[in-house]
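Following: one structure in structure tokens, then a few remarks.
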Amino acid sequence: MAEIIHWADVVAEDVLEQRKENVVATGITPSGHIHIGNMREVVTADAVYRALLDMEDSVKLIYIADTFDPLRKVYPFLPQKYSEYVGMPLSEIPCPCGNCANYAEHFLNPFLESMKKLGIEPQVYRADELYKSGVYTEAVKTALIKRDEIAAILSEVSGRKPASDWSPFNPICEECGRINTTVVTDFDIDSETVDYTCSCGHSGTVFMQGGGKLTWRVDWAARWKILGVTVEPFGKDHASRGGSYDTGKLISREIFGYEPPHPVVYEWIMLADKGAMSSSTGVVVSISDMLKVVPPEVLRYLIIRTRPGKHIQFDPGLPLLTLVDEYERLNQADQPPDYNRRVLELSKASGICHTEIPFKHMVTLHQVAHGDLEQILNILKRAGYSTDDRRCIKELVDNVSNWLDMYAPPFAKFSVRDDLPPQTATLSDVQKAFLAAMAEVIDEKGDMSGEQYHNLVYQAKDVGSRIHSKMADILECDETELKVNPKDLFKAIYTVILGQSSGPKAGWFLSSLESDFLVRRFTEAFRYEPGDQ
RNA sequence: GGGCCGGUAGCUUAGUCAGGCAGAGCGAUGGACUCUUAAUCCAUAGGCCGAGGGUUCAAAUCCCUUCCGGCCCGCCA
């Protein structure tokens, strides 16, 4: 069988057949919380970018925020007074929280922050700045002059016939500030101005530079040429026949004389039980919410291991734990298979936090320490982990903490009981004798490693071991007659500490608890009489 | 009405472009480690590759039809 090549490398190879210098572009409209589906776009772009970098290509990664698009409606998360801003460009609307430069920045900032956490640092452009700086002006002129040709393409490819007063350019009304209520009446190429009338009653003249924007389908194509875009991932909504990529392709070639970028079409991310992520159905998990739970590398891994054309099922419950495990296991493998090695390479990124502490361990630890960071650090130190990188450990602790709060299935949860649980009544004499013997040994030795605890439990079944003979003494029976099943011993431990019959891997679990506490609890359990409570 | 993507083991999937013995991980089962518990290692089982037809010496892969799931266009981007 032929060697399996990662999809990002396949795209990179295809692209390199066309050109040696590339610009990978990605873009999103910051009209609301930017969700995980949008993140597939940037991670996909980043994967292709990295693949191109690895082939010693000259390549840039850029991100364009569509800050000049109008606000479409008063979204549910907006105060009603935003109705007065509907139709105005996002960059010209005040920020909902009052602390950001404008509406667009309010949603853009957390997203840029999330990208940084994911190790993605593209060159960022804002559409309003691009228009205001004048780089679009030539394209605006061309579009206005070739208005009829563009209209013909749109009508032919998309099947939609633009209205007679349609223009590829939407001026911003100087009176009411809206961009979607104006009609172009004339334009002057030399003075670079456009005349318009607005439904608010105003009519006037704006500069092509910053006075408005091209409509989406034309804007997209113009942007390719202006920024030299050669590769661009986009959602399947743009990919269907007659969709914006189809029209953009023709507009780019025939109007702007630019070869359109190599498309990378990606599928939606499905949320378990809730269906596709979509703003209109309200099924939205923001990227920052997602990063509250999933370590960044794992989120990258989830996206990068899956071909862009496939749905991604994302279940933040138990399957997330499996995913994290899978990633960590792969990460520790000496020689992962080729395909996975590549997936792993592309999932890692500089600047991403990474610790050697397994997620599952932290799930146990966090619950033992009731989420207290200092205590967690102490236990980690005792277990021989490096605690130098507090920031990254803290990040993991936060991930685990949020996971336990929001998604953890019941069996993954436990709490160390403050008092001896009543279930202690169900223990047999052998189990109690074992706990008493454990208490003695722990009292003598102090804190032990997870492995030592683990071995201790198993030694209890061996005739001749110290713990075994202690048990025999306590039970006042002959050592050789004492039959012990380790299974019952583990159960006894979980019962007296957690009040349940199973729990996290015992050695590691016990070593994360204070030895004094264990001695006290085990002794108490030994002395416990059902009538006591 | 038109179009796009997906359907491969119980689950998640690779392989489809470029036809050549269907591969992995998880889970399950069995075993090992002087140690089954949410650890590690080894092994085993599990598949009409959604269905039907066609092309071919040879089809998961190419062509046609069809079913299922998801989505898009026909408002706007």
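Letters A, B, ... mirror the listed sequences (proteins, then strands); counts begin at 1. Side-chain atoms are counted along with the backbone in the values below, which use heavy atoms only and exclude waters and symmetry mates.
- Note: OH (A:Tyr453) to C1' (B:A39) measures 18 Å, nearest angstrom.
- Distance from the side chain of A:Arg217 is smallest to B:C73 among B:C73, B:U37, B:G25.
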Problem - nucleotides 29-34 of chain B: protein proximity per nucleotide (B base, S sugar-phosphate only, - neither; heavy atom, under 4.0 Å) - result: ------
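- In this structure, A:Tyr458 reaches the B:U37 phosphate: one of its side-chain N or O atoms is under 4.0 Å from OP1 or OP2.
- Side-chain rings of A:Phe414 and A:Phe509 approach one another, their centers coming within less than 6.0 Å.
- Atom name P, nucleotides B:U36 and B:U29: the rounded distance is 16 Å, in whole Å.
- Base-pair partner of B:G6: B:C68 (Watson-Crick or G-U wobble, both distances under 3.5 Å).
- Comparing the P positions of B:A43 and B:G53 gives an interatomic distance of 39 Å, to the nearest angstrom.
- The nucleotide whose nearest atom lies closest to any side-chain atom of A:Arg305 is, among B:C71, B:U12, B:G25, B:U12.
- Partner assigned to B:A43 is B:U29, using Watson-Crick or G-U wobble distances below 3.5 angstrom.
- The partner of B:C49 is absent, by the rule that a Watson-Crick or G-U pair needs both atom distances under 3.5 Å.
- A salt bridge links A:Arg305 and A:Glu326; the closest N-O separation between the charged side-chain nitrogens and carboxylate oxygens is under 4.0 Å.
- Minimum atom distance to the side chain of A:Arg72 is reached by B:C76, of the listed B:U37, B:C35, B:C76.
- Per the geometry, CG belonging to A:Asp246 stands 17 Å off P belonging to B:C72, to the nearest Å.
- Taking atom CD1 on A:Ile312 and atom P on B:U12, their separation rounds to 13 Å, with Å as the unit.
- To the nearest whole angstrom, the two P atoms, one in B:C57 and one in B:U12, are 38 Å apart.
- Using a 4.0 Å cut-off between charged nitrogen and carboxylate oxygen, A:Lys213 and A:Asp69 count as a salt-bridge pair.
- For B:U34, there is no paired nucleotide, since no Watson-Crick or G-U wobble pair has both relevant distances below 3.5 Å.
- The partner of B:A18 cannot be assigned: no Watson-Crick or G-U wobble pair with both contacts below 3.5 Å exists in any strand.
- Remark: C1' of B:U12 and CD of A:Glu326 are 8 Å apart, rounded to the nearest angstrom.
- Atom C1' of nucleotide B:C76 and atom CZ of A:Arg178 are separated by 17 Å, given to the nearest angstrom.
- As rounded to whole Å, 17 Å separates atom P of B:C73 from atom NZ of A:Lys249.
- When each of A:Thr67, A:Val135, A:Leu227 is checked for a side-chain contact (heavy atoms from CB on, under 4.5 Å) with A:Tyr125, only A:Leu227 meets the rule.
- Phosphate contact (OP1/OP2 of B:C5, side-chain N/O of A:Arg307, threshold under 4.0 Å): absent.
- Distances shown here put a side-chain N or O of A:Lys310 below 4.0 Å from the OP1 or OP2 atom of B:G7.
- Side-chain atoms of A:Tyr131 come within 3.5 Å of backbone atoms of A:Leu214 as a donor-acceptor pair (strictly under, hydrogens ignored).
- The same atom, P, is picked in B:G19 and in B:A59; the two are 13 Å apart, to the nearest Å.
- Comparing B:C71, B:A39, B:U36 against the side chain of A:Lys360 picks out B:A39 as the nearest.
- Salt bridge A:Arg50/A:Asp54: absent, no basic N to carboxylate O contact under 4.0 Å.
- Comparing B:A38, B:G25, B:C35 by their nearest atom to the side chain of A:His454 picks out B:C35.
- Across all strands shown, A:Phe509 has no heavy atoms under 4.0 Å from either base or sugar-phosphate atoms.
- In this structure B:A24 sits in a base pair with B:U12, meeting the Watson-Crick or G-U test at under 3.5 Å.
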